[in-house]
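I have placed the structure first, in the form of C-alpha cells, so that the comments after it can refer back to it.
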Amino acid sequence: MEGRRVEMSQIRKGPWKAEEDEMLINHVNKHGPRDWSSIRSKGLLQRTGKSCRLRWVNKLRPNLKNGCKFTAEEERMVIELQAEFGNKWAKIATYLPGRTDNDVKNFWSSRQKRLARILQKSGTPSSSSSSKLLKMKKEIPGFHDVPVEY
DNA sequence: AAGTCCTGCAACCGCAACTGG
DNA sequence: CCCAGTTGCGGTTGCAGGACT
C-alpha cells in the first residue's frame with residue numbers, strides 16, 4: 001500500500017533543490033528581497049513565502065560566511081552581545097558581517113550544550129555513573145574557549 | 001566491518017509585529 | 001479602527017554524516 005498520498009497541500013517542505021534555489025535567486029534579482037508570498041501565488045515555486053524568505057536570508061544572500069566556523073573573535077562578540085541583549089539573535093547578527101540570526105542561534109545553542117556537558121562531567125560526582133549518555137570519556141574538545149563568564 | 005551514538009545545521013512551527021485596504 | 005494577509009523572530013526538531021565502540 002502506498003503510505004501517504006501525494007501531498008494534497010501541494011506545498012513543498014524540507015531541503016531545497018538547486019533548481020528551486022535558482023528560481024528564487026532569479027526572482028530576487030528581478031524584484032528584490034520582498035514579495036515572498038507572490039512567488040507561490042505566481043506559481044514559480046510550491047514553497048510558502050516564509051520558506052522562501054528563510055532560504056534567501058540564511059543561505060542564498062550574497063556575502064554570507066557559509067560553512068566556516070565562528071572565529072574566536074566572533075565567538076567573543078556573540079558572548080558579549082548576548083550578555084547585553086539576551087537572546088536577540090537577529091539583533092546580534094547585525095554586528096557580525098556575513099552571519100545570520102540562524103547562524104548565531106545555532107552557534108549559541110551548540111555552545112550551551114557543550115558547556116552543559118562539561119559541567120555535567122566535572123561538576124556532579126554522582127552523575128558520572130548514571131547513564132550511558134555520560135560517556136564522554138575523552139576530554140572535551142576546545143576546552144580552552146569554555147566559560148569566559150562575564 | 002558494522003552498528004550505534006552524537007553533533008551540528010537546515011528548515012520547520014507558532015506567534016508577534018507590521019501593512020494596507 | 002478592524003481584519004486579513006504577509007513578514008520577522010526565536011525556539012525547536014529531524015536527519016545526514018562523523019565519531020566511537
Side-chain angles (χ1 to χ4, degrees), chain A residues 3-4 6-72 74-75 77-124 127-147:
Chain A
R4 43 162 84 274
V6 182
E7 290 293 328
M8 285 293 294
S9 63
Q10 86 221 350
I11 293 198
R12 273 185 55 77
K13 295 203 277 196
W16 281 65
K17 297 253 199 301
E19 311 87 78
E20 295 181 296
D21 282 347
E22 201 182 341
M23 184 70 258
L24 180 52
I25 289 168
N26 193 37
H27 185 268
V28 171
N29 286 342
K30 282 202 191 85
H31 302 97
R34 55 180 168 277
D35 300 332
W36 303 112
S37 43
S38 78
I39 293 172
R40 192 166 103 80
S41 62
K42 286 194 269 193
L44 299 174
L45 288 174
Q46 300 294 73
R47 297 272 184 175
T48 63
K50 288 175 74 161
S51 182
C52 293
R53 179 188 159 277
L54 195 73
R55 183 65 182 170
W56 172 258
V57 167
N58 288 315
K59 304 306 292 183
L60 301 180
R61 221 166 36 152
N63 308 323
L64 288 178
K65 292 183 187 170
N66 261 9
C68 72
K69 294 173 56 172
F70 275 49
T71 64
E74 287 175 319
E75 175 162 4
M77 291 191 65
V78 173
I79 292 167
E80 190 175 312
L81 292 165
Q82 198 279 342
E84 182 173 1
F85 301 125
N87 297 358
K88 300 300 178 188
W89 310 123
K91 176 162 189 163
I92 291 170
T94 64
Y95 293 80
L96 301 168
R99 299 298 188 183
T100 71
D101 58 322
N102 213 37
D103 292 336
V104 176
K105 186 165 54 179
N106 281 334
F107 170 78
W108 188 260
S109 162
S110 290
R111 188 187 136 89
Q112 289 300 93
K113 285 175 187 169
R114 179 159 48 83
L115 261 45
R117 268 178 256 136
I118 292 167
L119 273 192
Q120 219 173 137
K121 180 190 177 158
S122 58
T124 61
S127 65
S128 57
S129 58
S130 55
S131 88
K132 48 172 61 172
L133 288 178
L134 299 177
K135 50 197 206 151
M136 15 178 340
K137 30 165 278 164
K138 45 173 295 182
E139 77 226 77
I140 286 74
F143 186 77
H144 56 285
D145 56 9
V146 181

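In what follows, chains carry the letters A, B, and so on, assigned in the order in which the sequence lines appear, proteins first and then strands, with residues in each chain numbered from 1.
Checking B:dG8, C:dT7, B:dA11 against every side-chain atom of A:W16, the shortest atom distance belongs to B:dA11. Of the candidate nucleotides C:dG10, B:dG8, B:dA11, B:dA11 has the atom nearest to the side chain of A:N102. Each of C:dG10, B:dA11, C:dC9 was ranked by its minimum atom distance to the side chain of A:K50; first place goes to C:dC9.
Rounding to whole angstrom units, NZ of residue A:K113 and C1' of B:dC9 are separated by 10 Å. Following rounding to the nearest Å, A:L60 (CG) and B:dA11 (C1') show an atom-to-atom distance of 13 Å. In this structure, A:I92 places its CD1 atom 8 Å from P of C:dG10, rounding to the nearest Å. C:dG10 atom P lies 17 Å from atom CZ of A:F107, rounded to whole Å. Taking atom CG of residue A:L54 and atom C1' of nucleotide C:dT6, one finds them 15 Å apart after rounding to whole Å. The nearest whole Å value for the distance from the CZ atom in A:R111 to the P atom in B:dC9 is 15 Å. If you measure from atom NZ of A:K91 to atom P of C:dG10, you get 11 Å, rounded to the nearest angstrom. Rounded to a whole Å, the CZ atom of A:F70 is 13 Å from the P atom of B:dG8.
Between A:C52 and A:L45, the shortest heavy-atom contact is SG-CD1, 4.3 Å. Nearest heavy atom pair, residue A:M23 against residue A:L44, reads CG-O, 3.7 Å.
Considering only side-chain N and O atoms, A:R55 lies under 4.0 angstrom from the phosphate OP1 or OP2 of B:dA11. Look at A:W108 and you won't find any side-chain N or O under 4.0 angstrom from OP1 or OP2 of C:dG10. For A:S37, a side-chain nitrogen or oxygen approaches OP1 or OP2 of C:dT7 to under 4.0 Å. At B:dA11, none of the side-chain N or O atoms of A:R47 fall inside 4.0 Å of OP1 or OP2 (strictly under the cut-off). Contact check, A:R53 against C:dC9: a side-chain N or O comes under 4.0 Å of OP1 or OP2. Proximity of A:K105 to the phosphate of C:dG11: no side-chain N or O atom is located under 4.0 Å from OP1 or OP2.
Nucleic acid contact class of A:S109 (heavy atoms, under 4.0 Å, all strands): none. A:N106 comes within contact range of at least one nucleobase, with a heavy-atom separation under 4.0 Å. Among the atoms of the strands shown, only primed sugar atoms or phosphate atoms (P, OP1, OP2) are found under 4.0 Å from some heavy atom of A:K88.
Contacts with DNA chain B (heavy atom under 4.0 Å) in residues 23-36 of chain A: none are found.
Between the side chains of A:S109 and A:N106, not a single donor N or O lies within less than 3.5 Å of an accepting N or O.
For A:K13 and C:dG14, a side-chain-to-base donor-acceptor distance below 3.5 Å is absent, hydrogens and geometry of angles not being considered.
Atom NZ of A:K17 is surrounded by 12 or fewer heavy atoms from other residues, nucleotides or ligands within 6.0 Å.
Ring geometry, A:W89 versus A:W108: the interplanar angle falls from 30° to 60°, so the pair is classed tilted.
A donor-acceptor pair under 3.5 Å is absent between the side-chain atoms of A:S38 and the main chain of A:S41, judged by distance alone.
Just one residue in the list A:V78, A:N87, A:T94, A:L81 forms a side chain to side chain contact (heavy atoms under 4.5 Å, CB included) with A:V104, and that residue is A:V78.
Salt-bridge formation is not detected for the pair A:R55/A:E20: no Lys NZ or Arg NE/NH1/NH2 atom is positioned less than 4.0 Å from an Asp or Glu carboxylate oxygen.
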